[in-house]
Amino acid sequence: MDIGVISVRYARALLKTSMEFNNSEDVYKEMQRLAQSYIEVPDLRHTIDNPMLAKETKRQLLSTASGGACELTLRFFDIVLREDREDMIQFMANSYITLYRKQNNIIRGKLTTAVPVSVDVKSKMQRMVENMTNGTVEFETEVDADIMGGFVLEYDTYRMDASVKNRLREILQQLKN
């Protein structure tokens with residue numbers, strides 16, 4: 001059986017159970033922190049995958065990496081460790097995040113600008129995307145001076161590039177033709 005199938009099965013079971021216990025949002029936040037910990041601390045994967053490390057130590061590491069897990073998440077870690085599936089836990093966390101977002105109509109959005117934007121501008125852009133998608137948007141901003149001005153708005157599969165850099169590229173392309 002492949003990693004994708006296994007991780008989705010575990011994530012689906014965790015989502016179903018967390019909904020029954022009314023703490024799916026807490027588990028969602030913990031899975032986000034766990035997934036982010038795997039990105040920020042590459043040695044976490046090697047440590048968790050180490051067969052010489054005690055299961056209890058792995059459980060404590062996973063709890064810490066998830067930001068202090070709730071009881072349900074700790075029980076989930078126990079099952080994963082008991083079944084020797086800890087090498088797939090990063091994929092399980094990402095699968096849970098994906099399933100939770102789909103279940104709750106949550107879309108990720110990103111606004112890239114050449115200079116930092118105010119909280120007001122960020123809120124307006126977020127509301128605009130929420131109105132267009134009829135969903136909740138997890139919105140982040142990024143500053144990239146390379147775009148020179150304007151903005152790049154991305155959400156779901158949509159991308160609007162209203163940057164000065166893109167406009168200059170278009171003009172240059174027209175001049176070549």
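Quick note: residue numbers are just sequence positions, from 1.
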> If you compare all heavy atoms of L153 against all heavy atoms of M125, which two are closest, and at what distance to 0.1 Å?
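For L153 and M125, the tightest heavy-atom pair comes out as CD2-CE, 4.0 Å.
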> Taking side chain to side chain contact (heavy atoms under 4.5 Å, CB included) as the definition, give me every residue that meets it alongside A114, ordered by chain and number, with sequence neighbours left out.
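With sequence neighbours excluded, A114 shows a side chain to side chain contact (heavy atoms under 4.5 Å, CB included) to I147, given in chain and number order.
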> To the nearest 0.5 angstrom, please state how far the CE atom of M128 sits from the CZ atom of F139.
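M128 CE to F139 CZ: 7.0 Å, rounded to 0.5 Å.
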> Please report the closest heavy-atom contact between I48 and E86, naming both atoms and the distance.
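Nearest pair, atom of I48 first, then E86: O-CG, 3.5 Å.
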> State yes or no: do F21 and F76 share one hydrophobic cluster built from I, L, V, M, F, W and Y residues joined by side-chain heavy-atom distances below 4.5 Å, directly or via other members?
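Per the 4.5 Å side-chain linkage, F21 and F76 are not co-clustered.
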> Would you say that more than 12 heavy atoms from the other residues, nucleotides or ligands in this model lie under 6.0 Å from the NZ of K55, or not?
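Yes.
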> Of the non-hydrogen atoms in N105 and T133, which two are nearest, and what is the gap between them?
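Heavy atoms only, the tightest pair is ND2-O, 4.3 Å.
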> Applying the 4.5 Å side-chain criterion to the ILVMFWY set and letting contacts propagate, would I79 and L72 be lumped into a single cluster?
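Yes; L72 is reachable from I79 via cluster members.
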> Between D2 and V5 (side chain of the first, backbone of the second, donor and acceptor by atom type, cut-off under 3.5 Å), is there such a pair?
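Indeed, once roles are kept as given, a pair shorter than 3.5 Å links the two residues.
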> Got a donor-acceptor contact below 3.5 angstrom from the D156 side chain to the Y158 backbone?
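Pair absent, no side-chain N/O of D156 close to backbone of Y158.
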> OG of S66 to CG of L61: how many Å apart, nearest 0.5 Å?
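Nearest 0.5 Å value for the OG-CG distance: 10.5 Å.
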> Under a 4.0 Å N-O cut-off, is there an ion pair linking E140 with K122?
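No, this pair does not count.
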> Is R169 atom CZ crowded by more than 12 heavy atoms from other residues, nucleotides or ligands, each under 6.0 Å away?
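Yes.
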> Let me confirm one number: the OG-OH distance from S18 to Y96, rounded to the nearest 0.5 Å.
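One gets 3.0 Å once the value is rounded to the nearest 0.5 Å.
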> Answer yes when R159 and D161 have at least one side-chain N-carboxylate O distance shorter than 4.0 Å, and no when they do not.
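Yes, R159 and D161 are salt-bridged.
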> Output yes when E138 and R101 qualify as a salt bridge under the 4.0 Å nitrogen-oxygen rule, no when they do not.
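The answer is yes: the pair qualifies as a salt bridge.
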> With side chains defined as the heavy atoms from C-beta onward, is the minimum distance between E154 and M160 less than 4.5 Å?
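No, too far: nothing below the 4.5 Å cut-off.
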> Are the side chain of T57 and the backbone of L53 linked by a donor-acceptor contact shorter than 3.5 Å?
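No: the side chain of T57 does not pair with the backbone of L53.
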> Under 3.5 Å, is there a donor-acceptor pair between the side chain of E142 and the main chain of L111?
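Side chain of E142 to backbone of L111, a donor-acceptor pair under 3.5 Å: no, none is there.
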> Any donor-acceptor pair under 3.5 Å linking the side-chain atoms of Q36 with those of E40?
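Yes, because at least one side-chain N or O of E40 sits under 3.5 Å from a partner of the opposite role on Q36.
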> Less than 4.0 angstrom from a charged side-chain N to a carboxylate O is my criterion; do E170 and R167 meet it?
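Salt bridge present between E170 and R167.
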> Any salt bridge between D146 and K165, counting N to O under 4.0 Å?
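Answer for the salt bridge query: no.
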> Would a distance-only check, ignoring hydrogens and angles, find a side-chain to backbone donor-acceptor pair under 3.5 Å from K58 to F77?
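No, K58 side chain to F77 backbone: no donor-acceptor pair under 3.5 Å.
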> Do L14 and M92 come close enough that some side-chain heavy atom pair is under 4.5 Å?
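A side-chain contact is absent here, since even the closest heavy-atom pair is not under 4.5 Å.
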> Taking the side chain as every heavy atom from C-beta outward, state whether R127 and V137 have any atom pair closer than 4.5 Å.
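No. Closest side-chain heavy atoms not under 4.5 Å.
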> Rounded to the nearest 0.5 Å, what separates atom CG in L62 from atom CG in L74?
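Answer rounded to 0.5 Å: 9.5 Å.
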> Nearest 0.5 Å please: distance from the CG atom of L99 over to the CG atom of N94.
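Rounded to the nearest 0.5 Å, the CG-CG separation comes out at 11.0 Å.
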> Is D78 salt-bridged to R82, going by a charged N under 4.0 Å from an acidic O?
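A salt bridge is absent here (no side-chain N lies under 4.0 Å from a carboxylate O).
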> For a quick test of reading the model, state the closest non-hydrogen atom pair linking R33 to G67 and the distance between them.
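Heavy atoms only, the tightest pair is NE-CA, 3.5 Å.
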> How long is the gap from CD on Q126 to CG on N131, to the nearest 0.5 Å?
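Atom-to-atom, Q126:CD and N131:CG are 10.5 Å apart.
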> Mind checking whether V80 and I97 sit in one hydrophobic cluster, side chains of I, L, V, M, F, W, Y counted as touching below 4.5 Å?
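Looking at the clustering, I97 is in the same group as V80.
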> Are I106 and V8 joined in one hydrophobic group, where the rule is that I, L, V, M, F, W and Y side chains link up if heavy atoms are under 4.5 Å apart?
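Shared cluster, no.
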> Under 4.5 Å side-chain heavy-atom separation, chaining through any Ile, Leu, Val, Met, Phe, Trp or Tyr, what else clusters with M148? Say none if it is isolated.
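The other cluster members (ILVMFWY side chains, heavy atoms under 4.5 Å, direct or chained) are V164, L168.
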> Show the nearest heavy-atom pair for residues V27 and C70, with the distance to one decimal.
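Closest approach of V27 to C70, heavy atoms only: CG2-SG, 4.1 Å.
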> Under 3.5 Å, side chain of S63 to main-chain N/O of Q60, donor-acceptor pair present?
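Here the side-chain-to-backbone pair does not exist.
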> Of all heavy-atom pairs between V115 and T113, which one has the smallest distance, and what is that distance?
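So the minimum-distance heavy-atom pair works out to O-OG1, 2.6 Å.
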> Would you check if M31 and Y100 make a side-chain contact, meaning some heavy-atom pair closer than 4.5 Å?
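The answer is no; the side chains never approach within 4.5 Å.
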> Under a 4.5 Å cut-off applied to non-hydrogen side-chain atoms, are R85 and I89 in contact?
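Answer no - side chains too far apart.
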> Taking A162's backbone N and O only, do any of them form a donor-acceptor pair with N166's side chain (distance below 3.5 Å, no angle check)?
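No, the answer is negative, given that no donor and acceptor are paired below the 3.5 Å cut-off.
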> Are there over 12 heavy-atom neighbours, none belonging to M132, within less than 6.0 Å of that residue's CE?
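Atom CE in M132 is crowded, with more than 12 foreign heavy atoms closer than 6.0 Å.
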> Does S37 use its side chain to pair, donor to acceptor, with the backbone of A65 at less than 3.5 Å?
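Confirmed, S37 side chain pairs with A65 backbone.
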> Mind checking what makes ring-ring contact (aromatic ring centres under 6.0 Å, His included) contact with F151, not counting sequence neighbours?
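By the ring-ring contact (aromatic ring centres under 6.0 Å, His included) rule, F151 matches no residue at all.
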> Would you indicate whether the side-chain heavy atoms of V143 and T112 approach each other to under 4.5 Å?
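The answer is no; the side chains never approach within 4.5 Å.
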> Assess whether a salt bridge exists between E71 and R75, defined as any Lys/Arg side-chain N lying under 4.0 Å from an Asp/Glu carboxylate O.
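No.
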> Taking C-beta and beyond as the side chain, do Y38 and R45 meet within less than 4.5 Å on heavy atoms?
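SC-SC contact between Y38 and R45 confirmed.
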